[in-house]
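Scroll down for the structure; my scribbles are underneath it.
Reminder, nothing fancy here: chain letters follow the sequence lines and each chain counts from 1.
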Amino acid sequence: MKLFSSVNDVKDVTALVAEALHLKQDPYAYQHLGKNKTLCLVFLNPSLRTRISTQKAGINLGMNVIVLNIDKEGWALELQDNVIMNGTTVEHIKEAAAVMGEYADIIGVRSFPGLKDREEDYSENIFNKFVEYCGVPVVSLESATRHPLQSLADLVTIQELKTISRPKVVLTWAPHIKALPQAVPNSFAEWMCKADVDFTIAHPAGYELATEFTQGANITHNQNEALKEADFIYVKNWSAYEPYGQVLPGNEDWMLNNKKLEVAPDAKVMHCLPVRRNLELADEILDSARSVVIHEAGNRVWAAQAVLKQMLEAL
Amino acid sequence: MKLFSSVNDVKDVTALVAEALHLKQDPYAYQHLGKNKTLCLVFLNPSLRTRISTQKAGINLGMNVIVLNIDKEGWALELQDNVIMNGTTVEHIKEAAAVMGEYADIIGVRSFPGLKDREEDYSENIFNKFVEYCGVPVVSLESATRHPLQSLADLVTIQELKTISRPKVVLTWAPHIKALPQAVPNSFAEWMCKADVDFTIAHPAGYELATEFTQGANITHNQNEALKEADFIYVKNWSAYEPYGQVLPGNEDWMLNNKKLEVAPDAKVMHCLPVRRNLELADEILDSARSVVIHEAGNRVWAAQAVLKQMLEAL
Amino acid sequence: MKLFSSVNDVKDVTALVAEALHLKQDPYAYQHLGKNKTLCLVFLNPSLRTRISTQKAGINLGMNVIVLNIDKEGWALELQDNVIMNGTTVEHIKEAAAVMGEYADIIGVRSFPGLKDREEDYSENIFNKFVEYCGVPVVSLESATRHPLQSLADLVTIQELKTISRPKVVLTWAPHIKALPQAVPNSFAEWMCKADVDFTIAHPAGYELATEFTQGANITHNQNEALKEADFIYVKNWSAYEPYGQVLPGNEDWMLNNKKLEVAPDAKVMHCLPVRRNLELADEILDSARSVVIHEAGNRVWAAQAVLKQMLEAL
């Protein structure tokens, strides 16, 4: 693998999930692969799970891992081409990416969307420029429109915990006070559409995701109907795609609680974290046995390790 | 050892000091213990000595060490239970701690007190929540009310440098312009009260420490009397316990200088650092042979390594 | 080697360049040298290339590398002697340096000049205090007046890419909107003056460098004349030495572009990076085959590794 930015970069999704679960059983079996190889993780935004789990995945594979909070520890990046850099940006992403490609065998990049200009965000300008200029394999640590390591860990979690061969999986929108990216729901949707699950998306009117991510999903505005007999319920807020980046009034009643789960008595509840308690998801669920959010976060290591292993094998 | 938050977590203080001094002689003898083990150090506040010495201690034991400045690199933490998280905090400490427990074999946490609400600080809410939710052994890197790795290093230093079997040790309050926590003096006091030393605390009226830390100590407001014939003088500022977190007017004459040391001609002078020169402690002492502050800071490595070794052995 | 702060600390420049090129061919041959040795990299300012390349150099040599952004992660440093520390600084550089010397076998320090007080900057107060108080070998990661790891990498690059035995090397001033240090041009000049090259410095009137760095160089205000038949053109902005730290009006026409390069058809173009595109250097050059800036940045690893190897051998 040379690039991991979406489910479309994966030749065999089932095999990648199996690889992750194999690594979970035997984490240190491939330390020879990463010997004297450098993984450079570049963050333009905060990160807890992705930061630590990907560091650990690299270390488990014997790699040297270098972390850079580029805007705080390095230089403010210029992202546009053909400009006279006489403002506040100090280094063009062309140079920053190419230089890191000199030092790293594999690069991970996190870059959130601005949520102001949909065309700019959905062009994946920053992430794609890193890929274009660094000259080494790149793994997305969440880009403007996708979070594929999260989605792979989510699928690993479903594969591990499912009790029937084709579980019902529901992605349900949740309330929030801030405008959040569509990256996690986009990504979760496109992975579920490729997996052997019965997949439904529930959200209030106005929160339609871009259709390129949801081909094959059932989509409804009726949360109660969607949740019925669900095996896995994935809770996540996102801002509107149209009008882009907006938080629409109302919909506070979409927060998941035990009452709503009465129609899905066996459902396990997932969330990518961080989660705002009692705004997105009630304490009574997060503190119960049906929440698998911590287990899911733990699987981030094995998802990252499976991807890095395939990249190391292809070097 | 599963928890290192105070002297009360240590079964045998003398043996732990001996372990630290043994590791100082033979730092790399136990690298098999930490192989493929991850130490995650979480900072909510600045750190120089604790940060580097604990990293080094983990590395000396063969561990992989991951450092996280959680509020800057991760997400702003919510600390209160049963709240609707519709403000500025993004992740509840319950999730943050539990997730880190998925990635780490041992966690270190630094969290300073707010110095506004004594009950809140002395409940050790943040540190205890990490312990409660992370599910792995936790070492305090300084919490609201204690700094046990510092105190262990202090005792190691006294053990190394003492010339009589039961030395006289004096903790003397020093002036400062800011309100500082009581963590270092609390902790130093409770460790000295368990050690084989003659222990005196000197401070101006109004700077009484909480009595739970000072059982068995001589306590006086007469600095000159306290210093007489001291073998070790530990200099430290702290803010008042009652009224909590206040800096009381006056007392600038408590700064230690050579003149005051005339009554203790053989005393070695200690400080946990950072120290404000010529406010807490005079240049003439810090730049003299009787200051052992750098040696003391060096011993932070062996204190941390002794604790981590006992935790690794108990995994 | 015990100190690497300028070309004057190098016994044999030619041999050091050869060492770097040897390490480039065989990066992992000396991992025994760094086993159980700690490299501590201390940053008072941002860094991308120096930060990552020096980490990688240490790791290639088998060292443990600890990075500290001291003012953000540690404590605000006091730099002046004999002051009462009752202001905003929390720790004196004397203690900070000495404590790090307890933890590290080799220390790297980056500290930029203030550009307000020439005497202060050119005294190298911060860097020299680290050297004086830490007690272990120190490598400059760029100080107020020099950037020797950059200059060594530059010379390595020239040695690698030159097609005649004594190439013509031109350092040409470039426009900028901010006042930048003289460290890179000072350092480049003093290294070139010791190397077997024909060396010219071109800059507008008023941008004379301190003469201690330029002994033996041809110096001119005529950029076009300087560039003629150049083999290597090193582009860099700097602020005036006299009046110190000033940006003088005009001189925008000093930006290098293809038109100017007509007189030097075979010249390779160098820059230490970060570079402000179309202000210091035109896109048409940076995006062309004659730019070697990325290759040059890649050589930072081997320059750092050569220096660290000589320091490890002298421990």
> Does the side chain to side chain contact (heavy atoms under 4.5 Å, CB included) test come out yes or no for C/F4 and C/L16, once each step is laid out?
Replying inline: CA-CA 12 Å; C/F4 183 74; C/L16 190 61; 4.2 Å; yes
>> salt bridge (Lys or Arg N to Asp or Glu O under 4.0 Å) for C/E160 and C/K24? Distances and angles first, verdict last.
In response: CA-CA 11 Å; C/E160 250 187 326; C/K24 187 168 183 173; 2.7 Å; yes
> Can A/T50 and A/R300 be said to form a side chain to side chain donor-acceptor pair (under 3.5 Å), step by step?
Replying inline: CA-CA 7 Å; A/T50 302; A/R300 294 290 308 275; 2.7 Å; yes
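Ring planes of C/W173 and C/W238: perpendicular class, angle over 60° (limits at 30 and 60°).
A salt bridge does not link C/R276 with A/E91: every distance from a Lys NZ or Arg NE/NH1/NH2 to an Asp or Glu carboxylate oxygen is 4.0 Å or more.
Geometrically, A/K309 engages A/Y30 in a cation-pi contact, judged by NZ or CZ lying under 6.0 Å from the ring centre and within 45° of the ring axis.
The most heavy-atom pairs under 4.5 Å with chain A, out of C/Q55, C/R49, C/Q31, come from C/R49. Between chain A and the residues C/D283, C/I52, C/V301, the most heavy-atom pairs under 4.5 angstrom are made by C/I52. Heavy-atom pairs under 4.5 Å with chain A were tallied for C/S47, C/P27, C/P175; the largest tally goes to C/S47. Listed options A/V90, A/N36, A/T38 were ranked by heavy-atom pairs under 4.5 angstrom with chain C; first place goes to A/N36.
Residue contact with chain A, scored on non-hydrogen atoms closer than 4.5 Å, involves the backbone and the side chain of C/R277 alike. Interface remark: C/I294 contributes backbone and side-chain atoms alike to the contact with chain A (heavy atom separation under 4.5 Å). In this structure, chain A has no heavy atom under 4.5 Å from any part of C/E280. Neither the backbone nor the side chain of C/N299 comes within less than 4.5 Å of any heavy atom of chain A. With a 4.5 angstrom heavy-atom cutoff, C/I177 touches chain A only via side-chain atoms.
Of the possible donor and acceptor atoms, one in the side chain of C/R110 sits under 3.5 Å from a partner among the backbone N and O of C/L141.
A 6.0 Å sphere centred on CD of A/E313 holds more than 12 heavy atoms belonging to other residues, nucleotides or ligands.
Of residues 64-85 of chain A, those residues with a non-hydrogen atom less than 4.5 Å from any non-hydrogen atom of chain C are, in numerical order, A/N64, A/I66, A/L68, A/I70, A/K72, A/E73, A/G74, A/W75, A/N82, A/V83, A/I84, A/M85.
Annotation for A/L308 and A/A57: closest pair CD1-CB, 4.0 Å, computed over non-hydrogen atoms.
Residues meeting the ring-ring contact (aromatic ring centres under 6.0 Å, His included) test with C/H203, sequence neighbours left out: C/H221.
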